Amino acid sequence: MLKKFRERKNIKLILLITAILIIPAFIFWGVGSTLRTRGDNLYAGIAFSKKITKTEFLKQYQAVYNQAQLLYGENISKLQDYLNLEGQAWQRIILLHVANNKKIKITNKEIVAFIKNSPLFQKEGTFDTDTYNTILKYYMGLNPREYEEQVHNNLKISKLIEEVTLGITATDEEAWQAHKKENAVYKFSYVLLKPSEYSLDTEYSEEKLITFYQTHKEQFKKPEQVNLFYLAVKPDSFVSDADITDIEIQDYYQQHKSTWEETEESEENETSEESEEPNIISDKIQSEISEILKKTAAKNIAEDLIWKVQDGIESGLTFKESATKNNLEVKGTGFFSPWDPIPGIGWAYKITQQAFSLSIGEISDIIEIQDVFYIIELIDKKNPHIPEFDEIKAAVEESFKTQLREKAAKEDAQEKLDKIIELLATKGSIDEFLKEHDLALKETDYLSRSQYIAQVGNASDVIDNLKTATLGDFNPEIIKCAAGYIIVKIEDITAPLKDDFEKNKTQLTEQLLTKKKEQHLNDWFNQIKERADLEIYFKIPR
């Protein structure tokens, strides 16, 4: 039944069913950004100065997990890291606190009505108790009382969100203007001035650098950092140790024969002679199967080895002692932040998540990432801090020089634009000026907001900052873009047809209303999150 609900033709229905249940994921929670290492083992964290027990946190985590499970089905395990269910659980706790403070009430009648009207629990258009109990027990692992409590809280949050977004509207005219802005296409001529191309003739002393450092200290603030010991056991190292027999190849072939049937048919068509031994596996297929089995065997060897290290740690050996005993090397990462690749490992969200949840000296469980097995130990941790000037003098100097170049490019671009506008007004031509300053107007193709201007940046940076819509005119202000500062001349604008908008007006107005509500919710929740002053002491083991 659940598989049927997840089919493509039913996905809209599923979204409608679960939309009221899943907390809007409108906040991205930074890994380690609020994680603390202190706190009682009984507590998962603190929100609004109130201690949140692990039991309460896990209850709310289970609620968001269940709703994600309904939506994504068997894919939940693959998507779990990207959904950030722990972040959603903390978000749920915060929203429930606000809803309770506002004394938002949900009646038993509302809970019963929601459950009975959910197509998920219906059979032939009517609520079916057996279906309800079966789905709760075997798919969600809940009893009715637990699920009804989740629904109670879901409806409470839904009412809170309705209250927060009450009064937000979107008119047809607003939708038309938004549609025009999003779908109009523009053609520009432009001059790009890059800060990186400006030389610095100005001499500056160390005193100037120190003054710059003092006035821009926050710019050099280092986030929370950790330093790890890590062990990586890679199956690739053991492929040559795998001994695959002909019997294993034959068994694997028989179990997966359909995989090679098409290849075999193709090979038979290419040869004019009938094989005297049709059951013989070709050398090519034997080689492919051998490689598959070697990789599987190598992974098993690696997994056995990492478990030996884990067993050694549990028996009382240190991390390094247990690794050395198994002829493996423990390496160090040096300090890194949650937003850095891990030195020696690379980008690995699971390891980063574990690293910033450990206490100093604590060793993780086994972590598997793309068939590689890891164990990590937290050596040291640095709180967010601003390094002393002497530690980062080179970085301060580079930042100071970048600021000077930015200032020079901006001032030069504005001076050139002012001169261009003046010459057009007095002489009607800027050809001589452009030639004199070795400048050339480059022309774009027709561009929408979502496109990219080569060597300049996002087209939206230009379009969103236009102060004029008159064809042939230069924008009266320079525009900051990813590559520097540009002087822009509007060559052409093609707006979307009003008739096309009218055909989809209702849908486009609803889309704009949804976007406005989401933005309002984002802004509102950011304020609420600040007031919550969230501290997290607990991460769910992976």
Side-chain angles (χ1 to χ4, degrees), residues 1-3 5-6 10-11 13-32 34-35 43-45 47 52-97 99 106 111 114-115 118-121 131-158 160-161 349-350 352-354 356-357 365 367-369 525 529 532 534 536-542:
M1 180 179 180
L2 292 169
K3 182 178 179 181
F5 270 89
R6 286 193 299 274
N10 293 316
I11 192 65
L13 179 59
I14 283 287
L15 289 171
L16 287 172
I17 295 168
T18 57
I20 195 170
L21 300 177
I22 298 176
I23 299 173
F26 44 79
I27 296 298
F28 293 94
W29 299 72
V31 178
T34 56
L35 193 66
Y43 298 104
I52 309 299
T53 64
K54 287 183 180 178
T55 301
E56 174 61 19
F57 171 76
L58 291 172
K59 184 168 70 173
Q60 301 308 334
Y61 178 86
Q62 185 65 43
V64 295
Y65 181 90
N66 285 340
Q67 305 318 317
Q69 188 180 32
L70 282 177
L71 187 57
Y72 299 109
E74 60 274 8
N75 292 319
I76 182 67
S77 59
K78 299 176 185 176
L79 296 170
Q80 202 165 344
D81 287 340
Y82 304 99
L83 294 174
N84 192 5
L85 297 179
E86 289 184 53
Q88 288 196 43
W90 284 112
Q91 182 172 289
R92 183 180 175 90
I93 287 167
I94 290 173
L95 291 174
L96 284 172
H97 175 90
I106 302 297
I111 297 170
F114 177 83
I115 293 172
S118 173
L120 193 59
F121 305 127
T131 300
Y132 177 62
N133 289 327
T134 298
I135 290 175
L136 293 190
K137 182 176 180 180
Y138 295 105
Y139 193 72
M140 294 186 183
L142 298 173
N143 61 48
R145 182 175 179 180
E146 290 170 330
Y147 179 68
E148 285 152 22
E149 183 182 355
Q150 288 184 11
V151 172
H152 174 268
N153 287 333
N154 294 334
L155 292 174
K156 187 180 288 189
I157 291 169
S158 178
L160 171 64
I161 289 171
Y349 172 78
K350 281 186 178 180
T352 299
Q353 185 183 45
Q354 283 271 335
F356 284 86
S357 67
D365 293 328
I367 305 167
E368 181 182 352
I369 301 175
F525 189 80
K529 185 184 171 188
L534 182 66
I536 301 173
Y537 306 145
F538 172 71
K539 300 290 285 184
I540 293 177
R542 296 285 184 192

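Just so you know, these numbers come straight off a predicted model, no measurement behind them. Just so you know, residue 1 is the first one in the sequence shown, and it goes up from there.
Taking Y65 as the reference, nothing meets the ring-ring contact (aromatic ring centres under 6.0 Å, His included) condition, with sequence neighbours excluded.
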Test salt bridge (charged side-chain N to carboxylate O under 4.0 Å, His left out) on E56 and K59; report intermediate values, then the result. CA-CA 5 Å; E56 174 61 19; K59 184 168 70 173; 3.4 Å; yes
Does the pair E368 and K350 meet the rule for a salt bridge (charged side-chain N to carboxylate O under 4.0 Å, His left out), with working shown? CA-CA 9 Å; E368 181 182 352; K350 281 186 178 180; over 6 Å; no
Run Y147 and F121 through ring-ring contact (aromatic ring centres under 6.0 Å, His included) and show every step you take. CA-CA 13 Å; Y147 179 68; F121 305 127; 5.7 Å; yes
Go through the steps for Q150 and N154 under the test side-chain hydrogen bond (donor to acceptor under 3.5 Å, both in side chains), then give the verdict. CA-CA 6 Å; Q150 288 184 11; N154 294 334; 5.4 Å; no
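Two residues are said to be in side-chain contact when any heavy atoms from C-beta on lie closer than 4.5 Å; F57 and W90 meet this criterion. Looking only at side-chain heavy atoms (C-beta outward), L95 and F525 come within less than 4.5 Å of each other. Residues Q353 and E86 have side chains in contact (heavy-atom distance under 4.5 Å, counting atoms from C-beta outward). The side-chain heavy atoms of Q60 and V64, taken from C-beta on, include no pair separated by under 4.5 Å. L70 has its side chain within reach of Y139: a pair of non-hydrogen atoms, C-beta onward, lies under 4.5 Å apart.
Of the inter-residue distances, the one linking I135 atom CD1 with L142 atom CG reads 12.0 Å to the nearest 0.5 angstrom. Atom CD1 of I157 sits about 8.5 Å away from atom CD of Q91, to the nearest 0.5 Å. In this structure, I106 CD1 and E148 CD are separated by 14.0 Å, a value rounded to the nearest 0.5 Å. A distance of 5.5 Å separates CG of N153 from CZ of R92, quoted to the nearest 0.5 Å. Here the straight-line distance linking atom CD1 of I52 with atom CG of L58 works out to 12.0 Å at 0.5 Å rounding. Rounded to the nearest 0.5 Å, atoms CG (L534) and CD1 (I94) are 5.0 Å apart.
Aromatic ring centroids of Y61 and F538 lie 6.0 Å or more apart.
Without hydrogens or angle criteria, S118 side chain to I115 main chain gives no donor-acceptor distance under 3.5 Å. At least one donor-acceptor pair closer than 3.5 Å links the side chain of Q88 to the backbone N or O of L83. For the pair E146 (side chain) and N143 (backbone), a donor-acceptor distance under 3.5 Å is present.
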